[in-house]
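Below is one structure, written out as structure tokens; comments come after it.
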Amino acid sequence: MRIVSVVGTRPQLIKAAALVPALRARHEEVFVDTGQHYDEAMAGTFFAELGLPRPDHALGVGGGSHAEQTARMLLALEPVLVAERPDAVLVYGDTNSTLAGALTAAKLGIPVAHVEAGLRSFDRRMPEELNRVVADHLSRWLFAPTPAAVANLAAEGVTDGVLRVGDLMQDLAARIGREVSGPAALAAVAGALGLPLGPGGYAFATVHRAENRDPDAMRAWAAVLADAAADRPVVLALHPGTRAALDAAGVELPPGVHVVPPQGYRTTLTLQLHAAAVLTDSGGVQREAAWLRTPCLVLRDRTEWVEAVAESGGRMVVVGLDRRRAALELARLAPAADAPRLAAERAAGLDLAPAGAGVAIAAALAGNP
Ligand code: UD1
Ligand code: UDP
């Protein structure tokens, strides 16, 4: 099949890295980058690091309000799809690039394949929830990562074209996790960042959700990180949108929180694997922490990745921005005295299998699931 894949954001580049080899083994792919993420550290760097193909079409649409951004993507995508005449358009996840890719294709009568179909937070205030729901209801192939995602679709009356394929990001985490499981990998990252980070001797954090860029929310999660930093350094890999929101609201981060720019994929996986704990509102980081078995506090009120929490044996807790609860859970999951031993054991015992999602998606698109 001739497939146009639409990517645009950091997590989509990472997911594409897991799918592209399997997809190109069976199909012809045209790679379109909307440019939703455009900083070198948010986008460009992943092309080289993860061996992604150069985009056949780079649309250069980034920034602006949701309506403006999505509208510019629709305008830029339509002539590309008309000219490329694909058999299908493949979109990933729940960003504005997902919505634009799915909507443009559907309006042109081109079948849509949605990777990570069926996730629901049941919170329609989240831009991601709107994007997912629309993309799912426009899709012919709905590649669901989890049983809960399949059930969510069934509850909305969507069963045709739904296939549970596992989680594409697990395929990549399994491959790269093996490469970074030794203490030397952490030592190299610590050296590059200029921070004294030993196994289990620090916490790793990311924060970027729209709801966590509100001034009150930023003060609340800064307090959560301040408590975590009382026991050990916290490394916060900061999304540029969050950096801008902190600066605009004049919110300062506490001492002990080491803010670093967005990091590459290997560095991020290394920092998660060897950490005492991960604190995040990211969907991708949350799942990676689960696969790596690193204790994780989810800085959101709810998550669409319910299995990651349910199957964590209590290692993953959805704490929202509740400072007291976060401090208690961190003390329980990563007591300062034991964390280095626990982290070293965890990294040494890492045994993460690929999910096989890439191969399953490529086969299903070939009509041979
Ligand atoms: C987007 C997705 C979100 C996803 C996240 C992954 C939507 C609605 N949201 O959020 O689901 O979890 O990507 O990281 O699609 N910015 C830069 N440089 C960049 C990119 C963004 O400075 O390379 C800043 C700009 O100020 C921009 C802001 O971040 O306006 C928001 O960027 P945007 O792409 O609209 O949404 P994200 O917050 O990145
Ligand atoms: N990630 C990264 N560098 C960072 C922060 C995250 O490479 O500084 C990776 C992370 O390991 C995961 C993906 O980006 O694979 C998650 O993307 P993000 O948090 O931007 O979005 P979400 O998953 O919440 O949509």
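In this structure, the side chain of Asp33 does not engage the main chain of Pro55 through any donor-acceptor pair within 3.5 Å.
Annotation: side chain to side chain donor-acceptor pair (under 3.5 Å) contacts of Glu252 (sequence neighbours excluded): none. Residues forming a side chain to side chain contact (heavy atoms under 4.5 Å, CB included) with Ala117 (at least two apart in sequence, or on another chain): His114, Asp136, Leu142, Leu153. Applying the side chain to side chain contact (heavy atoms under 4.5 Å, CB included) test to Leu74 and every residue at least two apart in sequence or in another chain returns Ala100, Leu103, Thr104. By the side chain to side chain contact (heavy atoms under 4.5 Å, CB included) test, Ala144 pairs with Ala149, Val150, sequence neighbours left out. Judged as a side chain to side chain contact (heavy atoms under 4.5 Å, CB included), and not counting sequence neighbours, the contacts of Pro147 are Arg164, Glu307.
By the 6.0 Å contact criterion, CZ on Arg213 is enclosed, its count of non-hydrogen atoms from other residues, nucleotides or ligands being greater than 12. Heavy atoms of other residues, nucleotides or ligands lying less than 6.0 angstrom from CZ of Arg293 number 12 at most. Counted within 6.0 Å of CG on Asp247, heavy atoms from surrounding residues, nucleotides or ligands total more than 12; the atom is thus considered enclosed.
Leu50 CG to Ile176 CD1: the interatomic distance, rounded to the nearest 0.5 Å, is 6.5 Å. With rounding to the nearest 0.5 angstrom, the CD atom of Gln263 is 6.5 Å from the CG atom of Leu271. Between the CG atom in Leu269 and the NE2 atom in His274 there is a gap of 9.0 Å [rounded to 0.5 Å]. Between the CG atom of Leu236 and the CZ atom of Phe204 there is a distance of 8.0 Å, given to the nearest 0.5 Å.
Pairs of residues two or more places apart, or lying in two chains, never qualify as salt bridge (charged side-chain N to carboxylate O under 4.0 Å, His left out) while including a residue from residues 182-205. Residue pairs meeting the salt bridge (charged side-chain N to carboxylate O under 4.0 Å, His left out) criterion with at least one member in residues 173-185, sequence neighbours excluded: Glu179-Arg266. Within the structure, salt bridge (charged side-chain N to carboxylate O under 4.0 Å, His left out) contacts touching residues 219-236 (residues at least two apart or in different chains) are Asp216-Arg219, Asp227-Arg323. Counting only residues at least two apart or in different chains, salt bridge (charged side-chain N to carboxylate O under 4.0 Å, His left out) contacts with residues 90-118 comprise Lys15-Glu116, Asp94-Arg132, Glu116-Arg287.
Using a 3.5 Å distance cut-off with no hydrogens or angles, the side chains of Ser97 and Gln36 do pair a donor with an acceptor. Under 3.5 Å, the side chains of Thr280 and Thr206 contain a donor-acceptor pair of N or O atoms.
In plain terms, the two heavy atoms of Leu297 and Ala326 that are nearest each other are CD1-O, 3.6 Å. Leu253 and Ala222 get closest at one heavy-atom pair: CD2-CB, 3.9 Å. Across every non-hydrogen atom of Thr98 and Tyr92, the tightest pair is OG1-O, 2.7 Å. For the residue pair Glu129 and Asp123, the shortest heavy atom distance occurs at CB-O, 3.3 Å. Closest approach of Ala276 and Arg346 over heavy atoms only: O-NH2, 4.1 Å. The two residues Gly320 and Asp301 have their closest heavy-atom pair at CA-OD1, 3.8 Å.
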Evaluate the side-chain contact (heavy atoms from CB on, under 4.5 Å) criterion for residues Asn96 and His66: first the C-alpha distance (whole Å), next the side-chain angles of each, then the deciding distance (0.1 Å), finally the verdict. CA-CA 7 Å; Asn96 290 344; His66 284 258; 3.1 Å; yes
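Members clustered with Val318: Val298, Val309, Met316, by chain and number, using a 4.5 Å side-chain heavy-atom cutoff among hydrophobic residues. When hydrophobic side chains of Ile, Leu, Val, Met, Phe, Trp and Tyr are connected at separations under 4.5 Å, Trp305 ends up clustered with Leu119.
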Would you mind writing out the side-chain donor-acceptor pairs for residues 1-10 within the sub-3.5 Å range, not counting sequence neighbours?
from, atom 1, to, atom 2, distance (Å)
Arg2, NE, Glu84, O, 2.9
Arg2, NH1, Glu28, OE2, 2.5
Arg2, NH2, Glu84, O, 3.2
Arg2, NH2, Glu84, OE1, 2.3
Ser5, OG, Glu29, OE2, 2.5
Thr9, OG1, Gln12, OE1, 3.0

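Between His208 and His239, the ring-plane angle classifies as parallel under the 30° and 60° cut-offs.
Using a 4.0 Å cut-off between a side-chain N of Lys or Arg and a carboxylate O of Asp or Glu, Arg124 and Glu128 do not qualify as a salt bridge.
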